[in-house]
Amino acid sequence: MADHAGEPESLLEKITRHDDDLSSSSDSDSDDNSKPFEASKSKIFRLFGREQPIHKVFGGGKSADVVLWRNKKISAVVLCGATVLWVLFELLEYHLVTLVCHMIILYLTILFFWSNAPTFIKKSPLRIPEVRLPENCVLEVASAVRIEINRALAVLRDIASGRNLKTFLGVVAGLWILSRVGKWCNFLTSFYIGFILLHTLPVLYEKYEDQVDSFAEMTMAEINKQYAVFDAKVLSKIPMPLKDKKKD
């Protein structure tokens with residue numbers, strides 16, 4: 001009796017053990033299938049080799065919110081202000097000293113009537129608001145500018161060291177193109193064009209990120225292909241003292 005009663009239990013144990021093996025194998029298969037997917041997802045080509053969202057690339061603060069139009073009112077005001085300045089200085093040929101003097105005259109006139117209005121309407125004198133620049137804000141801006149300048153100088157020094165000939169040639173080509181653009185328009189117009197591009201291209205890139213990255217990947221593949229041909233025919237024949245020293 002005990003033997004006959006033990007047979008069904010052992011059979012059930014075998015069945016349950018077989019089911020557990022199947023489920024564990026299916027889970028492992030699903031994990032194995034998901035890992036290549038995650039790996040392939042992590043290896044997606046991103047423009048400029050970035051590994052963070054575009055908002056984090058621009059600092060992730062209020063400046064990034066303005067550039068990416070997180071607050072449309074502030075971004076529109078900044079863009080309109082830059083446009084007004086460009087129209088005044090470029091189209092109307094307004095001078096900086098003239099603009100500053102006129103703004104100070106307007107400011108003094110408003111304050112004068114503001115402080116003397118109570119004598120005409122017989123009311124208590126109005127308090128003129130005090131405007132001051134906070135010290136912390138000025139120090140933070142100066143520190144941020146200093147850090148960016150030092151970073152740019154370090155990048156230029158690394159490029160000029162000759163460690164990466166491809167980067168050196170790319171920077172030289174980019175600066176040459178920028179010099180040609182600067183020849184066609186003055187500094188103010190070039191700065192305004194750059195400002196407009198800064199407030200339009202990142203938003204469009206964030207909206208069409210996948211399409212732009214796929215197109216950039218194909219473009220970079222073609223550039224690398226052409227560079228490999230150029231390297232084999234021209235650059236490889238140029239003696240590189242730095243490389244010889246590294247080999248020694």
Side-chain angles (χ1 to χ4, degrees), residues 48 53-156 171 174-207:
F48 303 117
I54 188 68
H55 188 266
K56 290 289 185 64
V57 173
F58 284 95
K62 294 182 179 179
S63 58
D65 294 338
V66 173
V67 172
L68 297 176
W69 292 76
R70 293 289 193 268
N71 192 329
K72 295 183 178 180
K73 292 182 180 180
I74 297 178
S75 300
V77 168
V78 171
L79 189 60
C80 291
T83 304
V84 169
L85 291 177
W86 180 77
V87 170
L88 287 175
F89 290 118
E90 187 65 22
L91 298 183
L92 302 181
E93 296 182 353
Y94 222 67
H95 296 285
L96 179 61
V97 177
T98 306
L99 178 63
V100 171
C101 292
H102 287 176
M103 291 179 64
I104 294 176
I105 291 172
L106 180 62
Y107 178 72
L108 292 176
T109 304
I110 293 174
L111 289 182
F112 178 81
F113 284 106
W114 180 275
S115 58
N116 291 280
T119 59
F120 299 101
I121 59 178
K122 296 180 179 180
K123 288 186 178 181
S124 59
L126 300 175
R127 180 178 177 274
I128 299 176
E130 185 178 2
V131 180
R132 286 186 177 182
L133 290 176
E135 183 179 358
N136 294 333
C137 181
V138 176
L139 293 177
E140 289 177 0
V141 172
S143 177
V145 172
R146 180 185 64 84
I147 292 173
E148 294 301 327
I149 291 176
N150 291 335
R151 185 179 300 174
L153 292 175
V155 170
L156 292 176
V171 171
L175 291 175
W176 183 82
I177 294 173
L178 186 61
S179 66
R180 303 303 298 178
V181 173
K183 187 177 180 180
W184 297 330
C185 52
N186 56 19
F187 174 76
L188 182 61
T189 303
S190 302
F191 182 80
Y192 178 68
I193 293 173
F195 189 84
I196 294 297
L197 294 177
L198 181 63
H199 280 73
T200 52
L201 293 182
V203 181
L204 295 175
Y205 173 69
E206 188 179 33
K207 187 176 181 180

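What you see is a predicted model, and the numbers here were worked out from it, not measured in a lab. Every heavy atom of this structure was used, including side-chain atoms; hydrogens, water molecules and symmetry mates were not.
Between L79 and I196 the shortest side-chain heavy-atom distance falls below 4.5 Å. For the pair W184 and T189, the minimum side-chain heavy-atom distance is 4.5 Å or more.
We find the CH2-CG distance between W69 and N71 to be 10.5 Å, quoted to the nearest 0.5 Å. Considering CD1 of I193 and CG of L188, their distance stands at 10.0 Å, rounded to 0.5 Å. Here the straight-line distance linking atom CZ of R180 with atom CD1 of I177 works out to 11.0 Å at 0.5 Å rounding.
Across F195 and A82, no two heavy atoms sit closer than the pair CE2-CB, 3.4 Å. Annotation for P202 and L197: closest pair CD-O, 3.4 Å, computed over non-hydrogen atoms. Residues V66 and V78 approach most closely at CG1-CG2, 4.2 Å, considering heavy atoms.
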Quiz item: Should L99 and L85 be marked as a side-chain contact (heavy atoms from CB on, under 4.5 Å) after you check the CA-CA gap, both sets of side-chain angles, and the distance that decides it?
Solution: CA-CA 10 Å; L99 178 63; L85 291 177; 4.3 Å; yes

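Among residues two or more places apart in sequence or in another chain, the ring-ring contact (aromatic ring centres under 6.0 Å, His included) test is passed with F191 by none. Under the side chain to side chain contact (heavy atoms under 4.5 Å, CB included) criterion, V171 pairs with I159, T167, L175, sequence neighbours left out. Listed by chain and residue number, L96, I104 satisfy the side chain to side chain contact (heavy atoms under 4.5 Å, CB included) test with V100 (two or more places apart in sequence, or in another chain).
The stretch residues 80-106 participates, sequence neighbours left out, in these ring-ring contact (aromatic ring centres under 6.0 Å, His included) pairs: W86-Y192, Y94-H102. Sorted by first and then second residue, the salt bridge (Lys or Arg N to Asp or Glu O under 4.0 Å) pairs involving residues 65-93 (not counting sequence neighbours) are R70-E206.
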Contacts table for residues 139-155: side-chain donor-acceptor under 3.5 angstrom, sequence neighbours left out:
from: N150; atom 1: ND2; to: R146; atom 2: O; distance (Å): 3.2

